[in-house]
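Here the structure comes first, spelled out in structure tokens, and everything after it is commentary.
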Amino acid sequence: MNAQALVQTEFQETFEAQLLSLGKNVAKNLFRIEDIGDYIPGSVMVQDLGAMKNTYMNKYGCDYLRHSSEELQKMGVEYFDRFFPIEEISILKPELIKFVMQGDENKVYSFFQRVRADANSDYKWYFTTSKLYPADVPGNPLKLVHIAVPADMCNLVGKKFTDLIEDDAFMRKNYHHFNLLSVREKEIIHLIVEGKSSFEIANQLFLSIHTINNHRKNILRKLEINCLSQLIKFAYAFNIV
């Protein structure tokens with residue numbers, strides 16, 4: 001991997017970890033994404049997955065696209081045709097649908113895309129990160145939030161996110177470890193933190209003791225930790241509880 005690819009990978013993991021941590025605070029009802037949208041120097045858009053429409057665009061996004069949030073909401077599917085290359089949307093759409101169908105609030109989906117304000121403007125590159133958020137009212141459909149940052153403003157946005165979230169350093173340092181875990185391993189971590197023994201976990205998951213013990217060894221190896229207290233800290237930081 002060349003130096004440029006390494007820098008891009010490091011930035012992507014850092015940005016995704018920051019958004020994941022920001023999502024934790026939204027889930028705790030410490031604030032809503034709409035409350036801090038104008039603080040982020042990039043476009044912030046919220047989609048209602050039940051009504052399948054945009055419900056919010058921050059001031060930065062509205063100013064760049066030269067439309068009010070209400071006007072953008074009324075565009076429907078025309079929104080995508082007007083501001084994004086059709087050939088890129090056709091590639092990104094199935095990937096986003098797949099991401100949404102997983103329904104995992106502990107994951108983020110990131111991609112580079114081009115955006116332009118109108119047919120007479122040049123396309124500009126953005127790095128976009130998407131995440132599922134809980135609805136304002138329990139029981140309502142999840143929301144999908146997109147944060148699109150101009151490629152030349154990534155460092156500034158990282159600083160802004162750092163001011164907004166807690167445990168940022170720990171999450172940035174360990175996000176690549178989090179990505180190594182399988183769904184089953186996260187499930188087992190959750191049960192370990194609940195205080196269940198290997199025998200109880202094996203019975204609950206209909207697996208053998210040998211299999212559970214192998215999972216536990218793999219978890220410790222992937223996370224590069226060696227004690228329960230470290231595992232508990234990791235589980236709470238990444239919301240595996």
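Keep in mind it's a predicted model, so treat the numbers as computed, not measured.
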Could you measure the distance from the [atom1] atom of [X] to the [atom2] atom of [Y]? Nearest 0.5 Å is fine.
X: H190; Y: K186; atom1: NE2; atom2: NZ; answer: 13.5 Å
X: S69; Y: E34; atom1: OG; atom2: CD; answer: 9.5 Å
X: L180; Y: N218; atom1: CG; atom2: CG; answer: 11.0 Å
X: I240; Y: L231; atom1: CD1; atom2: CG; answer: 8.0 Å
X: S208; Y: N203; atom1: OG; atom2: CG; answer: 11.0 Å
X: S229; Y: F234; atom1: OG; atom2: CZ; answer: 14.0 Å

Is the backbone of [Y] close enough, under 3.5 Å, to the side chain of [X] for a donor and an acceptor to pair up by distance?
X: D38; Y: K59; value: yes
X: S198; Y: N213; value: no
X: Y109; Y: V100; value: no
X: N58; Y: V44; value: yes
X: K131; Y: E105; value: yes
X: Q73; Y: T55; value: yes

> Would you say the side-chain atoms of T128 and H146 include a donor-acceptor pair closer than 3.5 Å?
Replying inline: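 No, no side-chain donor-acceptor contact under 3.5 Å.
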>> Do N179 and H176 pair up side chain to side chain, a donor and an acceptor below 3.5 Å, judged on atom types alone?
In response: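 No, no side-chain donor-acceptor contact under 3.5 Å.
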A side-chain contact here means heavy atoms from C-beta on lying under 4.5 Å apart; do [X] and [Y] qualify?
X: I219; Y: I188; answer: yes
X: Y123; Y: V115; answer: no
X: S130; Y: L144; answer: yes
X: L223; Y: N174; answer: no
X: P150; Y: W125; answer: no
X: F80; Y: I86; answer: no
X: L205; Y: R184; answer: yes
X: H67; Y: R82; answer: yes

>> Hydrophobic clustering (ILVMFWY, side-chain heavy atoms < 4.5 Å, transitive) - are L228 and I201 grouped together?
In response: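 In one cluster with I201: L228, yes.
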> Are L220 and I189 linked, directly or through other ILVMFWY residues, by side chains that come within less than 4.5 angstrom of each other?
Replying inline: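 Yes, it is one cluster - the side chains of L220 and I189 are joined through contacts under 4.5 Å.
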> Between E88 and K93, does a salt bridge (Lys or Arg N to Asp or Glu O under 4.0 Å) hold up when you go through it step by step?
Replying inline: CA-CA 9 Å; E88 290 180 14; K93 185 177 179 179; over 6 Å; no
Looking only at heavy atoms, which two atoms of [X] and [Y] are closest? And how far apart?
X: G195; Y: E200; result: O-OE1, 4.2 Å
X: K196; Y: E194; result: NZ-OE1, 3.2 Å
X: F127; Y: S110; result: CZ-CB, 3.6 Å
X: V145; Y: Y133; result: CG2-CD1, 3.1 Å
X: Y79; Y: M57; result: OH-CE, 3.3 Å
X: V193; Y: A235; result: CG2-CB, 3.6 Å

>> Is it the case that the ring center of Y126 lies less than 6.0 angstrom away from the ring center of F84?
In response: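 No; Y126 has its ring centre 6.0 Å or more from that of F84.
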>> salt bridge (Lys or Arg N to Asp or Glu O under 4.0 Å) for K74 and E71? Distances and angles first, verdict last.
In response: CA-CA 5 Å; K74 294 177 181 178; E71 289 172 338; over 6 Å; no
> Relative to each other, are the rings of F178 and F238 parallel, tilted or perpendicular (30° and 60° limits)?
Replying inline: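 Parallel: the ring planes of F178 and F238 meet at under 30°.
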> side-chain hydrogen bond (donor to acceptor under 3.5 Å, both in side chains) with E95: which residues, sequence neighbours excluded?
Replying inline: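 Here no residue qualifies.
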>> The criterion is side-chain hydrogen bond (donor to acceptor under 3.5 Å, both in side chains); which residues satisfy it with D104, sequence neighbours excluded?
In response: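 With sequence neighbours excluded, D104 shows a side-chain hydrogen bond (donor to acceptor under 3.5 Å, both in side chains) to no residue whatsoever.
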> Stepwise, does the side-chain contact (heavy atoms from CB on, under 4.5 Å) test hold for N214 with H210?
Replying inline: CA-CA 6 Å; N214 279 340; H210 177 72; 3.1 Å; yes
With the threshold set at 4.0 Å, does a side-chain nitrogen-carboxylate oxygen contact exist between [X] and [Y]?
X: E87; Y: R114; answer: yes
X: E185; Y: R216; answer: no
X: D122; Y: R116; answer: no

> Between Q204 and L191, does a side-chain contact (heavy atoms from CB on, under 4.5 Å) hold up when you go through it step by step?
Replying inline: CA-CA 10 Å; Q204 183 169 331; L191 295 173; 3.5 Å; yes
> Should V149 and Y60 be marked as a side-chain contact (heavy atoms from CB on, under 4.5 Å) after you check the CA-CA gap, both sets of side-chain angles, and the distance that decides it?
Replying inline: CA-CA 10 Å; V149 180; Y60 179 99; over 6 Å; no
> Between D118 and R66, does a salt bridge (Lys or Arg N to Asp or Glu O under 4.0 Å) hold up when you go through it step by step?
Replying inline: CA-CA 9 Å; D118 55 51; R66 302 167 192 166; 2.3 Å; yes
>> Are more than 12 heavy atoms, taken from residues, nucleotides or ligands other than Y236, located less than 6.0 Å from that residue's OH atom?
In response: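 No - once you tally the heavy atoms of other residues, nucleotides and ligands closer than 6.0 Å, there are 12 at most.
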